[in-house]
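See structure below.
No hydrogens, no waters, no symmetry mates; every other heavy atom, side chains included, goes into these values. Numbered from 1 within each chain, the chains take letters A, B, ... in sequence-line order.
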Amino acid sequence: MPLATRQPAAKAADLLAWYDRHRRSLPWRVLPGERPDPYRVWASEIMLQQTTITAVKPYFERFMARFPTVEALAAAPSEEVMQAWAGLGYYSRARNLHACAKAVTASHGGRFPDTEAGLRALPGIGAYTAGAVAAIAFDRPAAAVDGNVERVMTRLFAIEAALPGAKPVIREHVLALLPMARPGDFAQALMDLGATICTPRNPACGICPWREPCRARTAGTQESYPRKAAKKAGVTRYGAAFVLLREDGALLVRTRPNKGLLGGMAEVPTSDWRADYELDGAAQDAPFVTRWRKLGTPVRHVFTHFPLELTVLVAKAPATSQAPLGMRFTPRGKLRDEPFPSLMLKVVEAGLAALRPPSSAP
DNA sequence: GAGGCGTGGGA
DNA sequence: TTCCCAAGCCT
């Protein structure tokens, strides 16, 4: 074999040596030699699904202070759990998290299963999270293949197959590299490498512990991995949102159905959200017959699969008003307790600002 | 297997 | 502005 084409094999030891020097300090990560709390590991992994570390940190701290144990979480009312999650997104995670805590408490004596298969059977725990918790919390030799690991592996081995089809191949590569010792550190090291060195754009190949064995780096094509099909943009939907403020300061709100978009979260009443929504007839969709004032600037929000434009309509109601069926007037002082998603925070803020008496210039 | 499912930040 | 995303799961 010609020397020029030979490439050294990637070794777990090189990655672990790098990890020992550059591991990140994170709120859910323990010091070397310490035994992690599976509850904290699990909760952090759920929060980190498709969510940045920056966004998760404050939520994690608050969540752990509010629900210090899996039993405490299991015993909490679901509204409280949803409120603690409000703003983090992907709310089915919170519903499944709560269901998982109840299952662990009721059926496993408050102990998380210490195997991938056992974990995988719990709600909200898929292939990645089962591997991550098994490896990190219990030091099991499990593969935790997330987006970081997919990127590292497709570059390291120049895997041409596109995601998600390439997942099984990637997983095999990870398993082949898994060290006998420190599988938990290996899992975290792989993710740290992907997050800090093997980044999507401008990867720092020059200081990568695997720069020698990396096939993409050798070819200079690292940024073209992983291969994946471009996703199509969604069609903008439109609708009307109704901010009704009672004279005593209470706001008319309701809770969305438990399934689907923003399931189980709070909202002000709105029309349907449709691509062909006709704003002229918005009053027909109002929860209350009154004189609605239409705000000029709509609230814009972008979901994963479609952009949304909600036109806000505002009105005041007499202090004696009763809420329509399925709705409630929440007092001003209790608004913070409502599990409003970010979209609704924008709507409520815009509506209340318009209803406030005009103030003199700042 | 492809689509539903949030949000805020960086290039 | 616009795009892409960031430690995925469920159906």
Greater than 12 external heavy atoms within 6.0 Å of A:Glu223's CD: yes
A:Lys346 atom NZ, over 12 foreign heavy atoms within 6.0 Å: yes
First of A:Gly124 and A:Met191 reached from the 5' end of DNA chain C, by closest nucleotide: A:Met191
Closest-nucleotide ordering on DNA chain C, the 5'-leading residue of A:Trp28 and A:Pro123: A:Trp28
A:His301 and A:Phe303 aromatic ring geometry - parallel, tilted or perpendicular at 30°/60° bounds: perpendicular
A:Phe63 and A:Trp85 aromatic ring geometry - parallel, tilted or perpendicular at 30°/60° bounds: perpendicular
Quickly work out the [X] [atom1] to [N] [atom2] distance and round it to whole Å.
| X | N | atom1 | atom2 | answer |
| --- | --- | --- | --- | --- |
| A:Glu223 | C:dC5 | CD | C1' | 14 Å |
| A:Leu122 | C:dC10 | CG | C1' | 15 Å |
| A:Asn96 | C:dT11 | CG | C1' | 12 Å |
| A:Arg237 | B:dG4 | CZ | P | 8 Å |
| A:Arg256 | B:dG4 | CZ | C1' | 13 Å |
| A:Phe306 | B:dC5 | CZ | C1' | 10 Å |
| A:Ile53 | C:dC5 | CD1 | P | 18 Å |
| A:Leu48 | C:dG8 | CG | C1' | 11 Å |

For A:Thr330, all residues meeting side chain to side chain donor-acceptor pair (under 3.5 Å), sequence neighbours excluded: A:Glu338
Footprint string (nucleotides 6-11 of chain B, 5' to 3'): B base within contact, S backbone only, - free, heavy atoms under 4.0 Å: BBS---
Indicate, with a heavy-atom threshold strictly under 4.0 Å, whether [X] touches base, sugar-phosphate, or nothing.
| X | value |
| --- | --- |
| A:Ala127 | sugar-phosphate |
| A:Ile125 | sugar-phosphate |
| A:Trp85 | nothing |
| A:Leu26 | base |

Distance in Å, A:Phe138 CZ paired with A:Arg35 CZ, rounded so as to fall on 0.5 Å steps: 8.5 Å
Interface with DNA chain B, restricted to residues 153-176 of chain A and to heavy atoms under 4.0 Å: none
Output field: ring centroids A:Phe112/A:Trp42 closer than 6.0 Å: yes
Euclidean distance for P, B:dC5 against C:dA6 (whole angstrom): 23 Å
Distance between P atoms of C:dC9 and B:dG8 (Å, rounded): 22 Å
Same apolar cluster: A:Val348 and A:Val312, side chain cutoff 4.5 Å: yes
Test: A:Asp14 and A:Arg211 ion pair at under 4.0 Å: no
Worked verdict on A:Arg140 versus A:Glu116 for salt bridge (Lys or Arg N to Asp or Glu O under 4.0 Å): CA-CA 8 Å; A:Arg140 298 277 185 184; A:Glu116 264 188 287; over 6 Å; no
